[in-house]
Peer 1: 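Please find one structure pasted underneath; my questions will follow.
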Amino acid sequence: MSRTLNTTPAIDGFWMPGEFEPHAGTWMLWPERLDNWRAGAQPAQRAFAAVATAIASFEPVTVGVSAAQFGYARAALPEAIRLVELSSNDAWMRDVGPTCLVNARGEVRGADWQFNAWGGFDGGLYFPWDQDDLVARKVLEIESCDRYRAPFVLEGGAIHSDGQGTLLVTEQCLLNPNRNPGLDRQQLEQLLCEWLGARTVVWLGQGVINDETDGHVDNLACFARPGHVCLTWTDNRRDPQYAVSADALQRLQSARDAQGRRFTVHKLVQPGPLRSTVAEAAGVLQAHGSQARPAGHRLAGSYVNFYLANGGVVMPLLDARRDAAAMAVLQRVFPDRQVVGVPAREILLGGGNIHCITQQVPASLRRASPLRRRRG
């Protein structure tokens, strides 16, 4: 049974754990939107199926799918992957699904953010988004987790937690007036602390170049574990991404986490730069209100957009010239995990990557509360 609560997570002793902590499983959605996924969405469906299959070798996977696509998805996915009929407007489970929270007793609840398709009528990527805004509630009911319905707009890809009271966010996304125009930086930071149990918010500046989510942090930087951050990087000073990543590096080097620690930053050199081809652009049906992606459009490719599963790292393969180097870095950062690469260009063409299409449910474990830890 799932209840809708009228308190806030921090008051109830809940916080957002790190993605590197144990999972009960992973949720995804099945892509089918013809004005976002090329060639009838079939190339994207194959890529999503490959991601789901890779994750399923580490932990249970559930995929939400429309009634119309149920048979196709069932045929494409291994029997071990649970399939649930679930309506949505697109397939970005990280952003439309719940952000799961835990307490010291090991209970799991979920934050259900207001969703407006990354900007509503001021730069949003499609309309309507009403079914997407219901996904988190449905997932929490299926998982029998209590729900907090947030009074503000946020997406799961816009936040990253170290599980010990520290959040990473970007100014480009959270301070964009197309999300919460009545809230300033201080008010948003207070809400993040109340709703995610954080004590320290580290504000990075811009996100990855051309990230159509208005610079989600999960494409730029993420926690590998407490005190360690992976950062999208380029050594090419003429690339506009250099200034963005250099600014993020400076901010991380100047910051301290909720425990008072300095950050160790692991640079992941970006793929490409990558651009869409004429054939790829031509395969997308144009519709009123949907995002246009012309041929030659620079794609927001990033190896930081990986997923941490139980004992594994599922990373996107995006550039044959740099995939192996990125995999080697991730293996050094995660020596106790198996790093698995999945071809992910088709996901990138739709506007995101592996982290964007997944959302973890934490395992029910007893934990030490970050709210009780001292600095130092």
Side-chain angles (χ1 to χ4, degrees), residues 28 31 36-39 41-58 76 91 94 157 207-213 216 218-222 224 230-242 244-245 265-284 293-309 312-335 337-358:
M28 297 175 62
N36 191 62
W37 306 103
R38 74 185 186 103
Q42 292 182 14
Q45 289 171 356
R46 289 191 289 270
F48 274 58
V51 170
T53 301
I55 296 172
S57 68
F58 299 104
R94 177 66 49 179
V208 169
I209 297 298
N210 275 9
D211 187 338
E212 59 196 43
T213 64
H216 271 186
D218 72 342
N219 213 31
L220 176 70
C222 70
C230 293
L231 175 66
T232 295
W233 189 257
T234 178
D235 290 318
N236 182 1
R237 292 175 178 265
R238 293 174 293 180
D239 190 313
Q241 185 60 44
Y242 179 83
V244 171
S245 294
V265 178
H266 306 274
K267 296 177 179 177
L268 273 173
V269 174
Q270 69 179 1
L274 306 173
R275 299 185 181 276
S276 59
T277 67
V278 172
E280 288 167 343
V284 180
R293 298 193 185 89
H297 178 76
R298 176 168 174 163
L299 305 170
S302 168
Y303 291 117
V304 169
N305 210 299
F306 57 80
Y307 182 72
L308 293 179
V313 181
V314 181
M315 64 164 285
L317 299 178
L318 297 168
D319 183 346
R321 300 165 298 173
R322 293 179 178 155
D323 289 343
M327 181 174 287
V329 171
L330 288 174
Q331 194 63 79
R332 289 196 297 272
V333 175
F334 300 101
R337 295 176 185 261
Q338 180 184 354
V339 180
V340 177
V342 178
R345 182 177 175 91
E346 293 296 336
I347 306 172
L348 179 59
L349 288 169
N353 224 287
I354 290 176
H355 194 259
C356 305
I357 66 172
T358 52

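Residue numbers run from 1 in the order of the sequence given.
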Peer 1: Name all residues meeting the salt bridge (Lys or Arg N to Asp or Glu O under 4.0 Å) criterion together with Arg38; count only those two or more places apart in sequence or in a different chain, and write none if there are none.
Peer 2: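 Partners of Arg38 by the salt bridge (Lys or Arg N to Asp or Glu O under 4.0 Å) criterion, ordered by chain and then number, come out as Glu346.
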Peer 1: For the residue pair Ala76 and Ala49, what are the closest heavy atoms and their distance?
Peer 2: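 Scanning both residues completely, I find the closest heavy atoms to be O-CB, 3.9 Å.
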Peer 1: Would you find a donor on one side and an acceptor on the other, under 3.5 Å apart, between the side chain of Gln338 and the backbone of Val314?
Peer 2: no
Peer 1: Taking all non-hydrogen atoms of both residues into account, name the closest pair between Arg298 and Asn210 and its distance.
Peer 2: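 Heavy-atom minimum between the residues: O-ND2, 3.1 Å.
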Peer 1: Hey, is the main chain of Gly350 close enough, under 3.5 Å, to the side chain of Asn36 for a donor-acceptor pair?
Peer 2: yes
Peer 1: Check whether any side-chain heavy atom of Val340 sits under 4.5 Å from a side-chain heavy atom of Val313, and report yes or no.
Peer 2: no
Peer 1: Can you give me the closest heavy-atom contact between Glu280 and Thr277, atom names plus distance?
Peer 2: OE1-N, 2.9 Å
Peer 1: Check whether any side-chain heavy atom of Glu212 sits under 4.5 Å from a side-chain heavy atom of Arg293, and report yes or no.
Peer 2: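 A side-chain contact under 4.5 Å exists here.
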Peer 1: Quick one: does any side-chain atom of Asp323 pair with a main-chain N or O of Leu318 as donor and acceptor, under 3.5 Å?
Peer 2: yes
Peer 1: Hey, does Val333 have a side-chain heavy atom less than 4.5 Å from the side chain of Cys230?
Peer 2: yes
Peer 1: Given 3.5 Å as the limit, does a donor-acceptor pair link the side chain of Ser302 with the main chain of Asn219, or not?
Peer 2: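 Present.
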Peer 1: Does the side chain of Asp211 come under 3.5 Å of the side chain of Thr213 through a donor N or O and an acceptor N or O?
Peer 2: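 Present: a donor and an acceptor within the cut-off.
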Peer 1: What are the two closest heavy atoms between Asp239 and Pro273, and how far apart are they?
Peer 2: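 Here Asp239 and Pro273 meet closest at OD2-CG, 3.3 Å.
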Peer 1: Check for a donor-acceptor pair, side chain of Gln241 on one end and backbone N or O of Ile209 on the other, with a separation under 3.5 Å.
Peer 2: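 Between the backbone of Ile209 and the side chain of Gln241 there is a qualifying donor-acceptor contact (under 3.5 Å).
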Peer 1: On a heavy-atom basis, which atom in Phe306 and which in Cys222 lie closest, and how many Å separate them?
Peer 2: CZ-SG, 3.5 Å
Peer 1: Quick one: does Gln42's side chain have a donor or acceptor within less than 3.5 Å of a partner on Ala39's backbone?
Peer 2: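 Not a single qualifying donor-acceptor pair exists.
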Peer 1: For Pro31, does its backbone N or O pair with a side-chain atom of Gln45 as donor and acceptor, under 3.5 Å?
Peer 2: yes
Peer 1: Check for a donor-acceptor pair, side chain of Ser276 on one end and backbone N or O of Pro294 on the other, with a separation under 3.5 Å.
Peer 2: yes
Peer 1: Would Tyr307 and Phe58 count as a close aromatic pair, with their ring centres under 6.0 Å?
Peer 2: no
Peer 1: Mind checking the CE-CD1 spacing from Met28 to Ile354? Nearest 0.5 Å is all I need.
Peer 2: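 With rounding to 0.5 Å, CE (Met28) is 8.5 Å from CD1 (Ile354).
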Peer 1: Rounded to the nearest 0.5 Å, what separates atom CG in Leu330 from atom CZ in Arg337?
Peer 2: 11.0 Å
Peer 1: Measuring from Ser245:OG to Asn236:CG, what's the distance to the nearest 0.5 Å?
Peer 2: 11.5 Å
Peer 1: Measuring only between side-chain heavy atoms, which start at C-beta, is Val208 closer than 4.5 Å to Val244?
Peer 2: no
Peer 1: So, for Asn305 and Asn353, which heavy atoms are closest and what is the spacing to 0.1 Å?
Peer 2: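 Minimum heavy-atom contact is OD1-C, 3.4 Å.
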Peer 1: Give, for atom CE of Met315 and atom CG of Leu308, the distance between the pair rounded to the nearest 0.5 Å.
Peer 2: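 Answer rounded to 0.5 Å: 12.5 Å.
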Peer 1: Would you say that Pro316 contacts Ile347 through its side chain, given a criterion of any heavy-atom pair below 4.5 Å between the two side chains?
Peer 2: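 A side-chain contact is absent here, since even the closest heavy-atom pair is not under 4.5 Å.
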Peer 1: Please check this pair: side chain of Arg237 against backbone of Tyr242, looking for a donor-acceptor N/O pair closer than 3.5 Å.
Peer 2: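 Pair absent, no side-chain N/O of Arg237 close to backbone of Tyr242.
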Peer 1: Can you name the one residue among Leu268, Thr232, Leu317 that meets side chain to side chain contact (heavy atoms under 4.5 Å, CB included) with Tyr303?
Peer 2: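 Exactly one option meets the side chain to side chain contact (heavy atoms under 4.5 Å, CB included) with Tyr303, and it is Leu268.
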Peer 1: Could you give the distance from CG (Leu274) to CZ (Arg322), rounded to the nearest 0.5 Å?
Peer 2: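 Answer for the CG-CZ pair, Leu274 versus Arg322, is 8.5 Å.
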Peer 1: Do any N or O atoms from the side chain of Arg94 and from the backbone of His355 form a donor-acceptor pair under 3.5 angstrom?
Peer 2: yes
